[in-house]
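One structure is given here, and the rest of the page talks about it.
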Amino acid sequence: MGFGKGCHLHLIDGSAYIFRAYHALPPLSRKSDGLPVGAVAGFCNMLWRYLVENDASADAPTHAAVIFDYSSKTFRNEIYDLYKANRPEPPEDLRPQFPLTRDATRAFNLACIEVEDYEADDIIATLARQGREAGGRVTILSSDKDLMQLVGGGVEMLDPMKNRPIGLEQVEEKFGVGPDRVVDVQALAGDSVDNIPGAPGIGIKTAALLINEFGDLDTLLARAEEIKQPKRRQTLIDHAEQIRISRKLVLLDDQTPLEFGLDDLEVRDPDPEALLGFLNQMEFRTLTRRVAEKFDRDPPPLPEAPAPEVAAAPEPAGFDTTAYECIRDMAVLERWIADIHEAGFVALDTETTALDEMRAELVGISLAVAPGRACYVPLAHTVGEGDLFGGAALAEGQMDRDAALAALKPVLEDPAVLKILQNAKYDVKILARQGIDVAPIDDTMLLSYALHGGLHGHGMDALSDRYLNHQPIPIKTLLGSGKSARTFDKVSIDEATPYAAEDADITLRLWEAFKPQLHRARVTRVYETMERPLVPVLAAMEMAGVKVDRDVLSRMSNAFSQKMAGLEAEIHELAGETFNVGSPKQLGEILFDKMSLQGGKKGKTGAYATGADVLEDLAAEGHDLPARVLDWRQLSKLKSTYTDALQDHINPETGRVHTSYVISGASTGRLSSTDPNLQNIPIRTEEGRRIRTAFVAPEGRVLVALDYSQIELRILAHIAGIDALRDAFREGHDIHAMTASEMFGVPMDQMTSEVRRQAKAINFGVIYGISGFGLARNLRIPRAEAQGFIDRYFERFPGIRAYMDDTVAFAKEHGHVETLFGRRIHTPEINAKGPGAGFAKRAAINAPIQGTAADIIRRAMIRVPAAIADLPATMLLQVHDELVFEVDAGAVEDLVARVREVMEGAADPVVQLSVPLVVDAGQGANWAEAH
DNA sequence: ACGCTCACG
DNA sequence: GACGTACGTGAGCGTA
């Protein structure tokens with residue numbers, strides 16, 4: 001068929017596919033001879049998926065070609081010898097794969113095109129032009145911005161990973177101009193990746209501004225004198241030639257000489273023989289099998305493997321992802337459920353459409369009952385695209401979702417069946433939203449945290465690699481990454497099955513590896529009393545969420561905007577030029593180069609430090625500009641991180657903000673909070689504190705906050721056995737004033753706030769593993785003076801010095817330190833040489849104190865639900881030493897009394913503290929008032 | 001992707 | 001004697 005009206009040409013950016021495949025996949029080599037083939041494997045999977053999707057698509061192309069770069073040298077190097085000069089050479093194990101990807105393309109019976117001296121982009125430009133001129137449709141499968149100049153007049157782009165079209169609107173969003181002016185903008189802005197010089201100091205935004213003002217690049221260069229900003233004007237005049245060269249470099253050549261016509265690109269079905277032959281030669285077992293199934297053929301036998309010279313190390317885990325079962329009907333599911341009851345446990349994993357458990361939709365569930373015996377139950381995979389009028393259609397071959405969940409519910413809730421999960425809180429929340437109350441559970445992430453805290457992260461991929469010597473299928477290979485990512489429901493069931501079932505399989509094997517170690521490491525109590533029971537407690541808190549008043553935030557955002565604009569104008573005025581106040585680099589240059597202020601210090605990256613401490617020093621010397629920048633920074637932080645971002649986190653269904661706590665995030669046992677982080681809502685400045693007024697209780701309810709007073713200092717007093725401190729805490733004295741009195745000999749009734757402030761800094765310093773340097777910097781006093789304070793402190797409280805020395809010695813001997821409750825925090829760097837040693841020492845000194853405090857509040861949180869079960873109250877937030885509740889107005893007193901009792905007694909009965917724990921409480925209509 | 005800066009305990 | 005240094009986090013932004 002000749003190419004013309006009604007025809008549709010696909011131009012596939014082959015080079016981009018190769019690099020994406022290479023980076024998305026772990027290194028993989030052919031078993032028989034070790035030839036690296038990871039990128040080829042990914043490339044073939046992409047092409048196969050492409051063909052299968054076309055098969056099912058009503059909009060399939062009539063013509064198609066895969067285009068590659070011939071080599072890295074092209075005619076552009078004649079124009080500018082540094083073009084792409086800073087591109088690193090392709091990795092050693094990728095190079096031999098380039099010719100194989102051409103072979104692969106031909107094996108798929110797709111036209112494979114490359115032309116010496118031209119880039120793939122030029123060939124794509126040429127074919128796109130030909131297609132357009134012939135009156136057909138052209139789709140470029142690529143997300144490369146350098147191709148965006150081709151969009152329009154029947155040519156469009158499609159991001160192949162996400163199936164997201166890139167049309168006029170997306171181009172304009174990216175470049176601020178239409179496709180016809182993209183080249184002009186690129187010429188001005190340059191490109192550091194391709195080493196296109198452009199105009200220095202001009203980025204895409206400014207370039208678009210200029211082009212839109214003057215119409216096009218030639219006019220702009222001709223009338224450069226008219227540019228208002230003096231710096232910009234000079235830049236354009238000085239670099240006019242360089243800009244013209246840049247345009248030549250970015251402008252694609254749509255006249256590439258080609259030895260074939262569009263008609264030759266007609267889509268042909270692959271020849272099964274040739275395709276299977278190639279895949280088999282590459283030893284891609286899974287894909288070979290899949291392709292064979294599709295063509296209804298038997299997979300060809302694997303080529304005779306030459307006898308290995310040395311006996312290959314046995315695959316310790318023996319993962320066979322092809323052995324996993326996909327469950328598509330009730331009878332099979334019921335057989336699995338019977339097996340689970342028989343085993344008494346099951347490893348379980350859910351697949352969903354998002355990471356946010358409050359919005360994610362359940363797509364499928366995988367189960368494993370023994371190593372290698374795993375299955376996947378697809379529930380909500382879709383095909384095709386949803387549109388305005390409805391969602392995408394359900395894929396064929398799935399059980400009825402509700403029926404499957406109803407069948408699974410009894411076993412998932414059966415107290416006699418242990419459910420084993422990796423990061424259980426996630427799946428518990430997902431299933432809770434389906435009305436399934438998963439219990440009892442074990443969590444491999446938390447097992448690892450109890451066993452290996454401080455050694456490494458506890459994500460599944462890392463654990464599998466480290467303890468099973470197996471690299472799981474990266475989720476990226478299914479979903480893509482970045483903007484082009486798709487959601488799991490869009491993944492075909494065939495692809496999803498090995499991935500999902502493998503996760504359950506790995507979870508089960510990790511559990512078998514970890515569970516017996518708990519006792520040996522003496523962390524059974526840690527896991528059983530401070531990790532595992534926290535999962536349902538946190539799940540409930542996160543699902544409850546906290547009510548946030550959008551109007552309060554939005555009004556604050558507007559006020560901040562106005563103030564920032566005023567400050568920005570003042571700052572530019574003071575600087576004598578406009579610059580990006582938010583750029584530390586530009587600010588440093590203004591302060592220390594242009595204005596020649598003293599005190600400019602460059603960090604390791606060569607940029608001036610412009611942190612708040614530096615700016616404060618400059619402001620104290622009477623300089624206005626740094627003072628204004630400090631104000632601007634504060635507002636900018638409050639606006640972008642809080643008043644703007646928090647609004648985006650308000651769940652539209654609940655009207656509340658649902659954070660997510662990471663149980664195994666911090667090495668010390670603390671929780672961390674993400675998406676959003678509700679553990680760092682401002683409080684220290686008046687302006688910031690107002691943000692807390694947006695955290696509110698609904699009508700008729702009250703927010704109550706209870707926090708431990710000085711918990712870490714109390715723990716230090718207990719652990720180090722400092723009588724003076726203990727007595728002060730027992731008698732309820734002001735601990736910082738007491739420290740000051742002891743150290744400086746000032747009687748308590750003559751205490752000044754300045755002396756007390758210094759003593760407070762020392763008290764905190766001790767907890768952090770004090771040093772003269774650090775204290776000096778914090779108090780802004782000479783180092784010798786700070787060292788004097790520390791010496792006197794240790795003289796007065798020798799037990800503290802002993803605690804520090806003992807703790808470091810313990811860490812050196814055992815490789816870990818412990819909290820009072822037995823939590824182990826590993827200190828792998830403690831015997832390191834060099835500057836790292838100091839870090840490790842201080843961390844080791846701090847960890848038992850911070851960690852014991854973390855243990856105590858964990859214990860309290862676990863006991864709270866039962867203690868308040870009969871009250872109309874909900875626990876919402878934890879901020880390290882504080883718990884926040886929402887409660888009916890009439891029950892405040894009861895709640896405070898109950899929770900205070902739990903919190904103050906949370907160390908009992910495992911540890912009898914020699915200091916009392918004291919809890920302060922506050923209440924109000926919002927979080928600011930509750931303090 | 002990484003460093004800087006800054007919010008909290 | 002020099003080296004860098006307070007402990008633990010997460011998010012947004014600019015830069016490369």
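A quick note: this is a predicted structure, and the numbers were derived from the prediction, not measured. Naming: A, B, ... by sequence-line order, numbering from 1 per chain. FYI, side chains are in, hydrogens and waters are out, and symmetry mates aren't considered; it's all heavy atoms of this structure.
Rounded to whole Å, the separation between the C1' atoms of B:dT5 and C:dC3 comes to 25 Å. One C1' atom belongs to B:dC2, the other to C:dA6, and the distance between them is 24 Å to the nearest Å. The gap from the P atom of B:dC4 to that of C:dG4 amounts to 15 Å, rounded to the nearest Å.
No side-chain N or O of A:Asn926 forms a donor-acceptor pair with one of A:Thr693 less than 3.5 Å apart. Remark: the A:Ser673 side chain and the A:Gln679 side chain contain no N/O donor-acceptor pair separated by less than 3.5 Å.
Using a 4.0 Å cut-off between charged nitrogen and carboxylate oxygen, A:Glu712 and A:Arg670 count as a salt-bridge pair. We find that A:Lys231 and A:Glu577 are joined by a salt bridge, their nearest charged nitrogen and carboxylate oxygen being less than 4.0 Å apart. At a threshold of 4.0 Å, the pair A:Glu531-A:Arg858 counts as salt-bridged, since one of the basic side-chain nitrogens sits closer than that to a carboxylate oxygen. Ion pairing between a basic and an acidic side chain is recognised when a charged N comes within 4.0 Å of a carboxylate O; A:Arg359 and A:Asp356 show such pairing. Salt bridge annotation for A:Asp631-A:Lys563: absent, with no cationic side-chain nitrogen under 4.0 angstrom from a carboxylate oxygen.
For A:His816 and A:Phe810, the distance between ring centers is under 6.0 angstrom.
Along DNA chain B, the stretch of nucleotides lying under 4.0 Å from any heavy atom of chain A spans, 5' to 3', B:dG3 to B:dG9.
Nucleic acid contact class of A:Ala612 (heavy atoms, under 4.0 Å, all strands): sugar-phosphate only. Within the 4.0 angstrom heavy-atom criterion, no nucleotide atom of any strand lies near A:Leu638. Using a 4.0 Å heavy-atom cutoff across all strands shown, A:Ala609 reaches sugar-phosphate atoms only and no base atom.
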Ignoring hydrogens and angles, write down the donor-acceptor pairs under 3.5 Å from the side chains of residues 776-786 of chain A, residues two or more places apart or on other chains.
| residue | atom | partner | partner atom | Å |
| --- | --- | --- | --- | --- |
| A:Arg780 | NH1 | A:Asp617 | OD1 | 2.4 |
| A:Arg780 | NH2 | A:Glu616 | OE1 | 3.3 |

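Below 30°, between 30° and 60°, or above 60°: for A:His458 and A:His452 the angle between ring planes is below 30°, a parallel geometry.
The side-chain heavy atoms of A:Phe579 and A:Ile571, taken from C-beta on, include a pair separated by under 4.5 Å.
Applying the ring-ring contact (aromatic ring centres under 6.0 Å, His included) rule to pairs touching residues 771-790 of chain A yields A:Phe744-A:Phe789, sequence neighbours excluded.
Both tests pass for A:Arg842 against the ring of A:Phe839: distance under 6.0 Å to the centre and angle within 45° of the axis.
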Tabulated below should be each protein N or O lying under 3.5 Å from an N or O of nucleotides 3-7 of chain C; please produce it.
| residue | atom | partner | partner atom | Å |
| --- | --- | --- | --- | --- |
| C:dT5 | O2 | A:Ser771 | OG | 3.2 |
| C:dT5 | O2 | A:Arg842 | NH1 | 3.4 |
| C:dT5 | O4 | A:Arg783 | NH1 | 3.3 |
| C:dT5 | O4 | A:Arg783 | NH2 | 3.4 |
| C:dA6 | OP2 | A:Arg777 | NH1 | 3.4 |
| C:dA6 | OP2 | A:Arg777 | NH2 | 2.8 |
| C:dA6 | O3' | A:Arg842 | NE | 3.1 |
| C:dA6 | N6 | A:Ala761 | O | 3.1 |
| C:dC7 | OP1 | A:Arg842 | NE | 2.9 |
| C:dC7 | OP1 | A:Arg842 | NH2 | 3.2 |
| C:dC7 | O2 | A:Gln850 | NE2 | 3.3 |

A correct dot-bracket answer for DNA chain C, with pairs being Watson-Crick or G-U at under 3.5 Å, [ ] for crossing pairs and | for inter-strand pairs, is ......|||||||||.
Given protein heavy atoms under 4.0 Å, the one-letter contact record of nucleotides 9-16 of chain C, with B base, S sugar-phosphate only and - none, is simply SBBSSSSS
